[in-house]
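Both backbone and side-chain heavy atoms feed into the values below; hydrogens, waters and symmetry mates do not.
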Amino acid sequence: METAAADCPTEKFHKWVVTFVFPPLFLSWRMYWANRMPIMDCDEVYNYWEPLHFLMYGSGQQTWEYANEYALRTFAYLYPLKWVASQVLSSQQFVFVMENMNIIMNNNINSNTPKESTLLPIVVLSEKLSTFFMLRAFLGFSMAACELVWLFTISYKLTNRHAFWTGLLMLFGAGMNHAAAAFLPSSTWIMVYLVCSSCSMRDWHYTFCILAVTATLSIGWPFGVVMLVPMGMEILYKQYQSSVKHVVQILLFTIVVTAIVQATVMWLDQREYGRWTSATLNIFTYNAAGGGDELYGTEPASYYVKNLILNWNIVAPLALCVLPMLWFTQKRDWNVLAMLSSMYLWLAITVPRPHKEERFLFPIYPLLCLSAVKMVDTTINAIGRVVASLSRHKELKGKRRFLLHAMVWSGAIVLSISRTIALSKYYTAPLAIYAKLSSQKPYYNTSNDAPSDSSFSAGVANLVCTCGEWYRFPGSFFLPDNTQLGFLKSSFQGQRPQPFSEFGSKPEYKRILQPFND
């Protein structure tokens with residue numbers, strides 16, 4: 001643990017903020033912005049919110065990844081949120097909340113009505129939409145809880161100063177603000193990393209193994225385990241220093257946990273796919289062996305550079321310089337080095353891949369904040385040694401150190417808050433428009449007007465059609481009952497989703513729906 005002047009007033013202030021101010025601030029901030037940020041990626045809608053809607057209400061859009069012949073996505077990732085929704089829907093409080101709910105979403109719908117150009121009041125009358133908003137708030141709440149666990153551990157392992165400034169960057173960072181409530185495996189891996197690294201720093205090795213194995217096999221995106229490899233290697237090294245017997249014990253424990261989790265995940269998927277399969281193995285094989293990640297969204301490496309600067313401004317370049325700086329310092333904390341090296345390992349694997357998405361960078365967001373703070377703090381230490389050699393001051397500490405940090409981070413925080421507000425104000429139109437649609441009563445067509453295409457679900461009253469901007473659809477939670485999404489012909493010629501049949505992803509769906517292709 002890095003020593004710090006615990007009796008220093010500035011350090012006491014840091015500790016007080018981390019202990020008493022951060023918990024309510026993080027929880028309320030994440031829940032506030034959860035439903036005020038746009039859905040940044042259509043994969044979040046079509047690969048996660050739509051299958052969840054199907055599990056809950058029996059309808060939704062099915063992508064080829066959920067086709068029986070591919071089975072690239074695991075339904076085990078959806079079941080926890082389905083359970084949360086069932087608990088919310090069964091509670092008496094939900095009825096009261098739904099009747100009195102008035103969601104305020106920052107948006108500009110009509111420039112001719114100045115009173116509604118900044119704040120748009122949306123009265124949520126749909127049970128489905130209320131459930132959607134509550135689930136996003138739950139995701140934001142869960143992220144905040146994991147962030148707090150990590151910050152408390154940093155306070156314990158490093159200093160309250162590191163936890164304070166890292167917490168501020170994470171709280172106000174534009175990247176974290178829109179990743180926190182995203183229903184995406186990469187966002188879930190942020191939470192997994194935060195808790196697992198906390199377990200590693202506190203030497204809770206068996207808890208680390210349980211969380212790492214469960215996340216790798218149940219999230220359906222096994223690539224995130226790369227973030228945990230340096231800490232896993234360090235754990236094995238610590239066990240080896242104690243005894244070879246301890247290494248064998250933890251490896252056997254990991255094998256047993258793997259067998260239990262894998263059997264549970266495959267059993268859940270067997271219920272939905274109608275056959276025994278491993279989605280984890282399927283998606284790994286598809287991406288690693290089949291070159292599948294070269295089909296869509298190929299970008300140069302500069303895509304990630306622009307993305308990091310846009311979401312994190314000066315935090316990103318400072319963070320990327322931290323490991324060389326720490327390596328040459330006089331005092332090395334191998335636990336911290338192992339934790340921070342996860343960021344470099346992740347970038348070394350993701351940047352060269354042809355397929356690039358903003359969400360692929362999500363897992364390193366917390367590390368960007370800590371690394372940047374560590375970089376600036378190490379630089380201040382170096383400046384302090386130079387100052388000490390030229391004057392009577394021994395080091396830069398207390399108020400001087402606080403002011404130097406504030407000078408660096410105040411501009412970054414202002415820029416991040418500005419981008420967060422801009423995203424909420426200028427990019428949430430699809431959410432606001434479809435939210436108004438959700439309260440419309442469906443018009444029931446006569447049987448002669450029913451769609452002739454057998455791919456549409458039976459009993460559908462209306463179709464809400466979209467064309468070239470099909471990727472802006474926020475999900476079937478926004479549609480009224482007995483209403484379904486339809487696609488009009490556009491310039492896009494790729495594979496689009498189609499409605500789930502009554503058989504879902506079971507083999508029987510092939511008799512009804514057109515075949516998928518990748």
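- No donor-acceptor pair under 3.5 Å is formed between the side chain of Lys128 and the backbone N or O of His53.
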Residues Trp312, Phe172; criterion ring-ring contact (aromatic ring centres under 6.0 Å, His included); working and verdict: CA-CA 10 Å; Trp312 290 104; Phe172 298 115; over 10 Å; no

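- A donor-acceptor contact closer than 3.5 angstrom is absent between the side chains of Tyr273 and Glu69.
- Formation of a donor-acceptor pair under 3.5 Å by the Lys356 side chain with backbone atoms of Val351 is found in this model.
- Legend: residues meeting ring-ring contact (aromatic ring centres under 6.0 Å, His included) with Tyr471, ordered by chain and number and at least two apart, are absent.
- Between Trp221 and Phe362, the distance separating the two ring centers is not shorter than 6.0 angstrom.
- The distance between the ring centers of Phe223 and Trp189 does not fall below 6.0 angstrom.
- Here the side chain of Ser424 pairs no donor or acceptor atom with the backbone of Met37 at under 3.5 angstrom.
- The closest side-chain donor-acceptor pair between Tyr48 and Arg73 falls under 3.5 angstrom.
- Side-chain contact of Asn311 with Glu358: a donor-acceptor pair under 3.5 Å is present, judged by distance alone.
- For Thr74 and Asp269, the side-chain atoms include at least one donor-acceptor pair closer than 3.5 Å.
- Side-chain atoms of Pro497 and Gln62, non-hydrogen and from C-beta on, never get closer than 4.5 Å to each other.
- Taking the six-membered ring for Trp and thresholds of 30 and 60 degrees, Phe487 and Trp470 have ring planes more than 60 degrees apart, a perpendicular arrangement.
- Taking the centre of each ring, Phe360 and Trp346 stay at or above the 6.0 Å mark.
- Residues Phe54 and Phe75 place their aromatic rings such that the two centres sit no closer than 6.0 Å.
- Side-chain atoms of Ser278 and Gln262 include a donor-acceptor pair closer than 3.5 Å.
- Without hydrogens or angle criteria, Tyr66 side chain to Asn47 main chain gives a donor-acceptor distance under 3.5 Å.
- At least one donor-acceptor pair closer than 3.5 Å links the side chain of Tyr77 to the backbone N or O of Leu184.
- For the 3.5 Å distance criterion, the side chains of Arg359 and Ser187 fail to qualify, holding no donor opposite an acceptor.
- Residues meeting the salt bridge (Lys or Arg N to Asp or Glu O under 4.0 Å) test with Glu50, sequence neighbours left out: none.
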